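Numbers here simply count residues along the sequence, with the first being 1. The model shown is predicted, which means the values in this text are computed figures rather than measured ones.
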Amino acid sequence: MYYGKIQAINTGGFNSELCLRNGYAMPYQDTSPAERNARLLLDFLSERGNSLSPLLIMTHDYPDPDALAAAMALSHLAQQHYNISTRIAYGGVIGRSENKAMVRILKIPVHKIRPEYFKKYRNIALVDTQPGFKNNRFPEKRRASIVIDQHTYMVKPSAELSIVDTECGATCVIVARALLLRGGAIPARVATALVYGILSDTLDLYRAHRADVIETYLSIISHCDLKMLAQIQNPYRSRSFFVTLQRALNQAIVYRRLLVSHLGFVENPDLVSQMAEFLLTYEKVQWSFCTGRYHGRLYVSLRASTANVHAGDILRSIFDNPRDAGGHAAIGGGSLKVAREPSEELWRKAEQMLQERLFRKLRRSVTVKPQKPFQSSQT
Ligand SMILES: [Mn+2]
């Protein structure tokens, strides 16, 4: 079976030999990356057991379905099988209608992070993000107990156990596999979260390249509640969504297969990535780039439909501080602080600066005749 190339599995200070000691049936080397990572996680949880309790499970800010699913599944695994009490916490807000529906329908016990959590919880797990990433509230001086992620890093994450698999499609695949390997009942709510997390991070498996990722998905879907899944995938949307959509279409300018849309002020930063994703489906473009203003920061999303690109790296390269952005192959996201209360001029400057740097990076000349494809006044 072909499992593809695995770019980075970092086992931190934890010894993978334990897998063998703990008597798993298959030799360590013969298993898939998902299986190996699942074993690492289970071994760590059983070694540390109750000493990890209470465990704070943190997602990145403005958590997406993958982060929520990974957190929920890790919380279930730790509580049910290792007697570790947990709390799931996130920064920012849960913005997308689908994500709100996911939390509500699956009753995911999430909490907005509070400073006192960092005193109360000696052990912290990060999922779908890493210490040092700018997209989470993890204190700089702390050492994490667990890091589970799929994003490429510039500095190796420091943690007792760190599992970074950049080819796993979705971070929650790693936790899903651990639940399957551990055995026992998987509650429908948890399985549904995992299925939705995998589907949304891999664009309905379009970006799931490894056989073990598909296998994990197929195993977990048999535990899932399809009706709840459908409800999450077809949520009601607020008025602000449609207002933003209208603005995104009006502002859209196409420069030879690159679509740019500056959304101005947005109600939540998730709208920026959502618009970038939707605009990318326009048949005449291969790239979409959106920005949105929110609480003194400019949020940016870059999406690509072409193969063999690294949108995350491209976005990093146009930021003054590369740590302000990140992502993976076809997805890049980030934000930069403009000012506490920026003037219109400052906002525009920031938008233009990023756009120009992106043009240079993608070799788009400003002299290309821009098109405004969706403006009704043009017809
Ligand atoms: Mn993810």
Find out whether [X] and [Y] are in side-chain contact, i.e. whether some heavy atom of one side chain is under 4.5 Å from a heavy atom of the other.
{"X": "Leu55", "Y": "Tyr121", "result": "no"}
{"X": "Phe242", "Y": "Arg237", "result": "yes"}
{"X": "Arg293", "Y": "Glu344", "result": "yes"}
{"X": "Val173", "Y": "Asp66", "result": "no"}
{"X": "Gln355", "Y": "His262", "result": "yes"}
{"X": "Leu302", "Y": "Leu358", "result": "yes"}
{"X": "Glu160", "Y": "Arg143", "result": "yes"}
{"X": "Tyr62", "Y": "Asn268", "result": "no"}

Just verifying a value: how many Å separate [X] [atom1] and [Y] [atom2], rounded to the nearest 0.5 Å?
{"X": "Ile253", "Y": "Phe374", "atom1": "CD1", "atom2": "CZ", "value": "11.5 Å"}
{"X": "Asp128", "Y": "Leu68", "atom1": "CG", "atom2": "CG", "value": "9.5 Å"}
{"X": "Gln233", "Y": "Ser97", "atom1": "CD", "atom2": "OG", "value": "13.5 Å"}
{"X": "Gln251", "Y": "Glu351", "atom1": "CD", "atom2": "CD", "value": "9.0 Å"}
{"X": "Asp201", "Y": "Cys172", "atom1": "CG", "atom2": "SG", "value": "7.0 Å"}
{"X": "Leu280", "Y": "Ser305", "atom1": "CG", "atom2": "OG", "value": "4.5 Å"}

Step-by-step salt bridge (charged side-chain N to carboxylate O under 4.0 Å, His left out) determination, Glu215 to Arg177: CA-CA 9 Å; Glu215 277 166 18; Arg177 197 63 180 217; 3.8 Å; yes
Hey, is [atom1] on [X] packed in by over 12 heavy atoms from elsewhere, all under 6.0 Å?
{"X": "Arg114", "atom1": "CZ", "result": "no"}
{"X": "Gln246", "atom1": "CD", "result": "no"}
{"X": "Lys361", "atom1": "NZ", "result": "no"}
{"X": "Arg122", "atom1": "CZ", "result": "no"}
{"X": "His111", "atom1": "NE2", "result": "yes"}

Test: Asp165 and Arg36 ion pair at under 4.0 Å: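 The answer is no: the pair does not qualify as a salt bridge.
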| said: Can you tell whether the side chains of Asp61 and Lys134 come within less than 4.0 Å, N to carboxylate O? | reply: no
Please check this pair: side chain of [X] against backbone of [Y], looking for a donor-acceptor N/O pair closer than 3.5 Å.
{"X": "Gln375", "Y": "Asn250", "answer": "yes"}
{"X": "Arg207", "Y": "Thr202", "answer": "no"}
{"X": "Gln80", "Y": "Ala185", "answer": "no"}

So, [X] versus [Y]: side-chain donor-acceptor pair below 3.5 Å or not?
{"X": "Ser335", "Y": "Arg297", "answer": "yes"}
{"X": "Asn136", "Y": "His60", "answer": "no"}
{"X": "Thr86", "Y": "Gln79", "answer": "yes"}
{"X": "Ser53", "Y": "Ser85", "answer": "yes"}
{"X": "Arg182", "Y": "Tyr82", "answer": "yes"}
{"X": "Arg96", "Y": "Ser273", "answer": "yes"}

- Show the numbers, then the answer: is there a side chain to side chain donor-acceptor pair (under 3.5 Å) between Arg189 and Thr192? CA-CA 5 Å; Arg189 284 167 47 235; Thr192 308; over 6 Å; no
Could you report the tightest heavy-atom contact between [X] and [Y], atom names first, then the distance?
{"X": "Pro342", "Y": "Val338", "answer": "CB-CG1, 3.7 Å"}
{"X": "Leu315", "Y": "Gly334", "answer": "CD2-N, 3.9 Å"}
{"X": "Val127", "Y": "Ala70", "answer": "CB-CB, 4.0 Å"}
{"X": "Phe44", "Y": "Ile146", "answer": "CE2-CG1, 3.4 Å"}
{"X": "Val147", "Y": "Thr129", "answer": "CG1-O, 3.8 Å"}
{"X": "Gly327", "Y": "His310", "answer": "O-CE1, 3.9 Å"}

For Tyr206, the other hydrophobic cluster members (4.5 Å side-chain criterion, sorted by chain and number) are Leu203
List the steps and the verdict of salt bridge (charged side-chain N to carboxylate O under 4.0 Å, His left out) for Lys227 and Asp225. CA-CA 6 Å; Lys227 186 134 198 195; Asp225 183 321; over 6 Å; no
Point to revise | salt bridge (charged side-chain N to carboxylate O under 4.0 Å, His left out) evaluation trace for Arg210 with Glu167 | key: CA-CA 7 Å; Arg210 248 172 32 204; Glu167 304 279 297; 5.8 Å; no
Note to self: Is the distance from the ring center of Phe138 to that of Phe118 below 6.0 Å?
What the structure shows: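 Ring centres of Phe118 and Phe138 not closer than 6.0 Å.
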*Please assess Phe265 against Tyr294 for the test ring pair (Phe, Tyr, Trp, His ring centres under 6.0 Å), listing each intermediate value before the final yes or no.*
CA-CA 6 Å; Phe265 294 96; Tyr294 182 80; 9.8 Å; no
